[in-house]
Amino acid sequence: MVEEENKYNHQAIEPKWQRRWEEAGLYQAKDNSLRPNFYCLIEFPYPSSDGLHVGHPRSYTALDILARKKRMEGYNVLFPIGFDAFGLPTENYAIKVKKNPAEITETNVDRFRRQLKSLGLSFDWSREVITTDPQYYKWTQWIFLQLYKAGLVYQKEMPINWCPSCKIGLANEEVVGGNCERCGTPVTKKNLKQWLFKITKYAQRLIDDLEKVDYLEKIKTQQVNWIGRSEGALIKFEIRNSKFETNSKSEIPNSKHYVEVFTTRPDTLFGATYMVVSPEHELVTDILGQIANRREVEDYVKKAKAKSDLERTDLAKEKTGVELKGIKVINPVNQKEIPIWVADYVLMGYGTGAIMAVPAHDKRDFEFAKLKNLKIICVVDPGNTENINPANTFKYPFRKKIEKPGKPVLYTTGDVGYKWDAEKIYKEILNGETCYEGNGIAINSNQFNELKTEEFKAKITKWLEKERVGKKAVNYKLRDWIFSRQHYWGEPIPLVHCEECKKNNKPIVWIIHGSPSRNKSQDQGYTGEENQHWIPWLKESLEAKGVVVYNPRMPKAWQPDYQEWKKAVEKLEINENSVLIGHSAGGAFLPRWLGETKKRINKLILVVPGKVANEDNKRLHHFYDFKIDQTIKERVNEIIIFISDNEKDYRKKSSKIYSKLLGGRLITIKGTGHFTFEDMKTKEFPELLDEISFLPVGVIPVPEKDLPVELPKVKNYEPTNTGESPLAAIKDWVDVKCPQCGGKGKRETDTMPNWAGSNWYFIRYTDPRNDKEFASKKNMKHWLPVDIYNGGMEHTTLHLLYSRFWYKALYDLKLVPGPEPYSKRISHGMVLAEDGKKMSKSLGNVINPDEVVKEYGADTMRMYEMFMGPFSEAIPWDTKGIVGVRRFLDKICKLKVQNLKLKTTAQNSKLESLLHKTIKKVTEDIENFRFNTAVSTLMELANAMEKQKELPLTHYKILVTLLSPFAPHLSEELWEKLGHKESIFKEEWPKHDPDLAKESEVEFVIQVNGKVRDKMQLPADISEEEAISKAEQSKKIKKHLSGKQVVKKIFVPGKLLNIVIR
RNA sequence: GGGCGAGUGGCGGAAUUGGUAGACGCGUACGACUCAAAAUCGUAUGAGCGUAAGCUCAUGAGAGUUCGAUUCUCUCCUUGCCCACCA
């Protein structure tokens, strides 16, 4: 039995404490506590049928250690857990074994729960959420509807991966090397209507707000790069039909007589020798009748469209393309005619889908120009040969690198044996024989010659704007988020399609402006001449999109009268999808009118709203006593108020009042006064246009009271052979009464991606059982934002970005307390298999955590996973290495049995000092996620204690306390054995004494010319003079100094002395 | 091809406002205990030369800055992750 005492008997101890902790509710967070809060979050797991992976406990233990320490430091800690259970693997498994995914999920979650509990993690299980629970996804659907009503969701035809043999749509991960994962058939594309989220609208804020949060730098850069902001210019190239020698608009259908390109290098405009449009570009179809080689082009486009993205990428080496013969475009800067090509190396998804090709200064254009024998004009002189970096140049067709040890790196071209020679390359660049992508000095650019690249960019952008052929523009790589999934096992999208409502739901915009016309006789709905106001521009832009626009002339513009104005709008068409814009007095009129008439509309946009006329007071300037019916908030999906920053104060004030009373979003435009009577220079108002959007026509949200829209229980989960979701086949479920008109409606059958549930689960944790709201304002305010969030790097660009996006959108709707969900984000490294590869069933290298726990115990497993290496890096598993930490835990037990003769006090300054240094180091290491060194520090302390003949009880207790977050079961057991009635986790975290933690003596190093020649024990605070004199006494040093001249001495206090000799 | 990381003994790793390279652990060797083994404990353990004191070389490669570089700069190599003809 004594033997037993010596060792950590984990099989007896661990389950016992897990039970006791649960019974005591030791880890439950309090929603109303006077202690400071700490919200500590891990990414909730996907309960796969493989069970827990050894990678899970690594990050969970890490945050568990932090959570336990924080509790001991007096924090009220929220450390929740749940399951992200929707998704493809479960669905596919369900199909395979012919079971309901819900059943499978339940089994898997049970297993995960048991496995997680066996690790002794201090989760607050009372707050567990599962995304597949209808009581949870009710709120996922509810949030979707809020964002839908805010105009952030739209529908678009998008290609999906399609297996022509299985006749099903495939997720990206089901496409392996361009082939279907199941049957190996090459995957093609199929166009389907998909729901998309307008994440691009938030692109800038998603970049800017990274300043507000503490994420690992690499996470920030990855997000910034993913969003991919680039500054440049949009430039219009006029189309000319060379056959007819004309540029008249009528030659081109759709009145489109120019092609717009985006470029980050407007300074190379003079070098644009041809243009390329992507095969999907609308120009290609618009202009087909005009071109000479119609059949060839049609053929090419057809082929290019059939290619999957992967193919288009794989074929990158051989560029292809076809010229659009018979038409040309005009380079706006020099009126030169240039040819226009269609080629699939240009993608529709980025920029405008068309580029100006500058072969002298872009590798891809250069390659293409060489292939098709197109003109190359150099417009950037590198300046001098030193600027020529091989990385910035491109020799056609190949560039090989030759490296010999001790020699500079050589570059060769083809088989010629050409050597890297800056002079020669310089000449080639100027002759257009080599492509140069760097910056430099402008040549061949007329009035812009001699300008440096950056200056050129600024100047030409201004010139383009002045000439109305282009403008400064910002472009993002980020694309809108495709939200639809054609699968069963996801949250149903809570929408109903209704044919009847479609008819009554067309997009209508009212523009109501009350200000008087300068010319009183003019019959127009805005002030001033046509070319002096943004309203005509807005009207034209909207009408071009097929929107019905009403811009009535309001009677008595000088003295607006509510009753007369009411009459003026009486007959205008309006519906629930309408956007109403009120400017100035019109902005005051609309809220009152909407209040009285009780109309439902989509959006209300007020542009510097004035004060409304009431019956007693008819002078516009005195209308302070306006009335606003606040109930309109409930009947309008979104309310926006525009104001400019140099508006007069009283207007600013009134705008703010509107914003506050109506709950509207206030947008301030900087710069010129867009809207004032005096300064009507604004002829275009794109910020306003951006805010005008319509709900999809004929698509009705499911009313909140009818949520959740539950997944029907059916026998067959197989995808349909039309590409639709399996739900489409369930007629009883699809057919539903239209919630708006009561007529025949059909449910949306697409489901949400599993990012949906995981986008907001951390909000639900704050109030997981609330059945009135997705979470109460009070609890959200209490806990959010999350103090620390840990997860894998693979989620940086998807989950993390999506959930920041939703949170911001919810913030704009005033539904969450701040603009950012997570204050701090860190990430863990993967646990690899023993062979250094990813663990996978097929490789047979998977480690089962259950077996590790059974053999070595949870505490050992926890300690090992912390000790194996730096937390943020990928580390291979090493079963042999586990015994080291196991021995360490046994040693801790043994210390109690053997050395604890336990004098309660003892004078041992060395141990004392080490103890306090350990407290300091372990505390700091936990805060900074350096768990591996925290563990080794504890080991060092234990090793030192082991050597003591008599170990003071107080010191031993501190060791056990420091150990407790890492090895909670063992520590709790020892704590009880040491006679404590209360849990160790109710103890206070030890604090170090800075004086004791300091070293009094150090091993002082004496160097000669930077090489260590002697070491001596000296006081830590030794002065330079003393150190020098000590050094001079050293025989070893004397030996090295003899016969040499001392040049100087470098003294680093408490560390070393370096004597430099010659 | 682009972006972001990482490269240190036989192995996992430690050490960075530039200051003793290899903490801690694994493994290995020898020893103690044992009839024996396991477990445990002790000693040693980067490489080379040397009986030794000691010296030299070593942090992916090469250069540079510095009294001093694993740490900073440049060029390159290898490797991991994410993305990919991003204009």
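Chain identifiers are assigned alphabetically (A, B, ...) following the order of the sequence lines, protein sequences preceding nucleic acid strands; residue numbering begins at 1 within each chain.
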Stem list, RNA chain B (Watson-Crick or G-U pairing under 3.5 Å, at least 3 consecutive pairs):
B:1-7 with B:77-83, B:10-12 with B:24-26, B:27-32 with B:40-45, B:46-49 with B:54-57, B:60-64 with B:72-76
CD1 of A:Ile219 versus P of B:rC82: gap in Å, rounded?
15 Å
If I pick the C1' atom on B:rG22 and the same atom on B:rG9, what distance separates them, to the nearest angstrom?
7 Å
Nearest to the side chain of A:Lys891, heavy atoms from C-beta on, is which of B:rG12, B:rG19, B:rC41?
B:rC41
Evaluate A:Gln1007 against A:Arg1013 for side-chain contact (heavy atoms from CB on, under 4.5 Å), listing each step before the verdict.
CA-CA 5 Å; A:Gln1007 295 182 332; A:Arg1013 295 305 180 187; over 6 Å; no
Indicate whether OP1 or OP2 belonging to B:rC67 is found under 4.0 Å from a side-chain N or O atom of A:Lys1048.
yes
Base, sugar-phosphate, or nothing for A:Asp365, non-hydrogen atoms under 4.0 angstrom?
nothing
Taking any heavy-atom pair under 4.0 Å as a contact, classify A:Lys1015: base, sugar-phosphate, or nothing.
base
Closest contact, heavy atoms only, A:Ile65 versus A:Phe966
CD1-CD2, 3.5 Å
Sugar-phosphate, base or nothing in reach of A:Met939, heavy atoms under 4.0 Å:
sugar-phosphate
A:Asp859 side chain to A:Tyr864 side chain, donor-acceptor N/O pair below 3.5 angstrom
no
Chi-based syn or anti call at B:rG9, which uses purine or pyrimidine torsion atoms and a 90° bound
syn
Decide, yes or no, whether a salt bridge links A:Glu231 with A:Arg229 under the criterion of side-chain N to carboxylate O below 4.0 Å.
yes
Derivation of the side-chain contact (heavy atoms from CB on, under 4.5 Å) call for A:Val358 and A:Met356:
CA-CA 6 Å; A:Val358 186; A:Met356 60 177 214; 3.9 Å; yes
Ranking B:rG5, B:rU40, B:rA87 by distance to the side chain of A:Thr264, first place goes to B:rA87
Does a donor on one side chain and an acceptor on the other come within less than 3.5 Å for A:Arg825 and A:His795?
no
Look at all strands and tell whether A:Asn475 reaches a base, only sugar-phosphate, or nothing, counting heavy atoms closer than 4.0 Å.
nothing
Span that lies between the C1' atom of B:rU40 and that of B:rU34, in whole angstrom
12 Å
Using atom CG of A:Leu478 as one end and atom C1' of B:rC86 as the other, report the distance to the nearest whole Å.
12 Å
Is A:Arg479 touching bases, backbone alone, or none of the nucleic acid, heavy atoms closer than 4.0 Å?
base
For B:rU17 and B:rC86, measure between their C1' atoms and round to the nearest Å.
39 Å
Pair A:Asn845-A:Lys838, side-chain donor/acceptor within less than 3.5 Å
no
Touch class at under 4.0 angstrom, heavy-atom based, for A:Ile875 against every strand present:
sugar-phosphate
Atom P, compared across B:rU71 and B:rA53: separation rounded to whole Å
31 Å
P-based separation of B:rG80 from B:rG12 [nearest Å]:
15 Å
side-chain contact (heavy atoms from CB on, under 4.5 Å) assessment of A:Glu454 paired with A:Asn439:
CA-CA 8 Å; A:Glu454 286 311 314; A:Asn439 289 357; 3.9 Å; yes
Between the side chains of A:Asn790 and A:His828, does any donor sit under 3.5 Å from an acceptor?
yes
With a non-hydrogen cut-off below 4.0 angstrom, is A:His361 in contact with a base, only sugar-phosphate, or nothing?
nothing
For the side chain of A:Arg887, counting heavy atoms from C-beta on, which of B:rG54, B:rC24, B:rU40 is nearest?
B:rU40
It should be established whether A:Lys880 places a side-chain nitrogen or oxygen under 4.0 Å from OP1 or OP2 of nucleotide B:rC11.
no
Contact class for A:Lys477 vs. all strands (heavy atom < 4.0 Å): base, sugar-phosphate, or nothing?
base
Would A:Thr797 and A:Tyr802 count as having a side-chain donor-acceptor pair, cut-off 3.5 Å?
no
Between B:rA87, B:rG12, B:rG13, spot the one nearest the side chain of A:Arg364, thanks.
B:rA87
Nearest to the side chain of A:Lys1055, which nucleotide is it out of B:rC57, B:rG5, B:rG19?
B:rG19
Roughly how many Å is it from CD in A:Gln223 to C1' in B:rG3, rounded to a whole number?
14 Å
What interatomic distance, in whole Å, is found between C1' of B:rG18 and the corresponding atom of B:rG68?
8 Å
Picking from B:rU40, B:rC24, B:rA6, which would you name as closest to the side chain of A:Glu873?
B:rA6
I want to check one thing: is the phosphate of B:rC86, taken as OP1 and OP2, less than 4.0 Å away from some side-chain N or O of A:Arg265?
no
Would you sort out whether A:Val346 and A:Trp341 count as a side-chain contact (heavy atoms from CB on, under 4.5 Å), showing the intermediate values?
CA-CA 10 Å; A:Val346 171; A:Trp341 287 69; over 6 Å; no
Heavy-atom closest contact (A:Glu437 atom, A:Arg265 atom, distance)
O-NH1, 3.2 Å
For B:rA87 versus B:rA21, give the span between their P atoms, rounded off to a whole number of Å.
46 Å
Have a look at A:Gln1007 and say if it touches a base, only the backbone sugar-phosphate, or nothing, with a 4.0 Å heavy-atom cut-off.
base
Which one, B:rG13, B:rU20, B:rG54, comes nearest to the side chain of A:Lys1036?
B:rG54
If you check the A:Lys894 side chain, which of B:rC41, B:rG27, B:rG19 turns out closest?
B:rC41
Please work out if A:Asn1058 contacts a base, only the sugar-phosphate, or nothing of the nucleic acid, heavy-atom cut-off 4.0 Å.
base
Could you tell me whether A:Lys1049 contacts a base, only the sugar-phosphate backbone, or nothing, with contacts defined as non-hydrogen atoms closer than 4.0 Å?
nothing
With sugar-phosphate meaning primed atoms plus P, OP1 and OP2, does A:Val1012 contact a base, only sugar-phosphate, or nothing at under 4.0 Å between heavy atoms?
sugar-phosphate
Rounded interatomic separation in angstrom, taking CD1 from A:Ile847 and P from B:rG12:
16 Å
With a 4.0 Å cut-off on heavy atoms, is A:Gln222 in touch with a base, just the backbone sugar-phosphate, or nothing at all?
nothing
By nearest nucleotide on RNA chain B, pick out whichever of A:Trp226 and A:Gly1010 is the more 5' one.
A:Gly1010
Phosphate oxygens OP1/OP2 of B:rG54: is one of them under 4.0 Å from a side-chain N or O of A:His1040?
no
To the side chain of A:Lys838, which of B:rC81, B:rU20, B:rA87 is closest?
B:rC81
Between C1' on B:rA87 and CG on A:Asp344, what's the gap in Å once rounded to a whole number?
15 Å
In whole Å, what is the span from the OH atom of A:Tyr864 to the P atom of B:rC11?
15 Å
B:rA29 to B:rA14 separation - C1' atoms, rounded to the nearest Å:
24 Å
Against the side chain of A:Thr797, the closest entry in B:rA87, B:rC82, B:rC85 is B:rC82
Considering just the side-chain nitrogens and oxygens of A:Arg1013, establish if one lies under 4.0 Å of OP1 or OP2 belonging to B:rC55.
yes
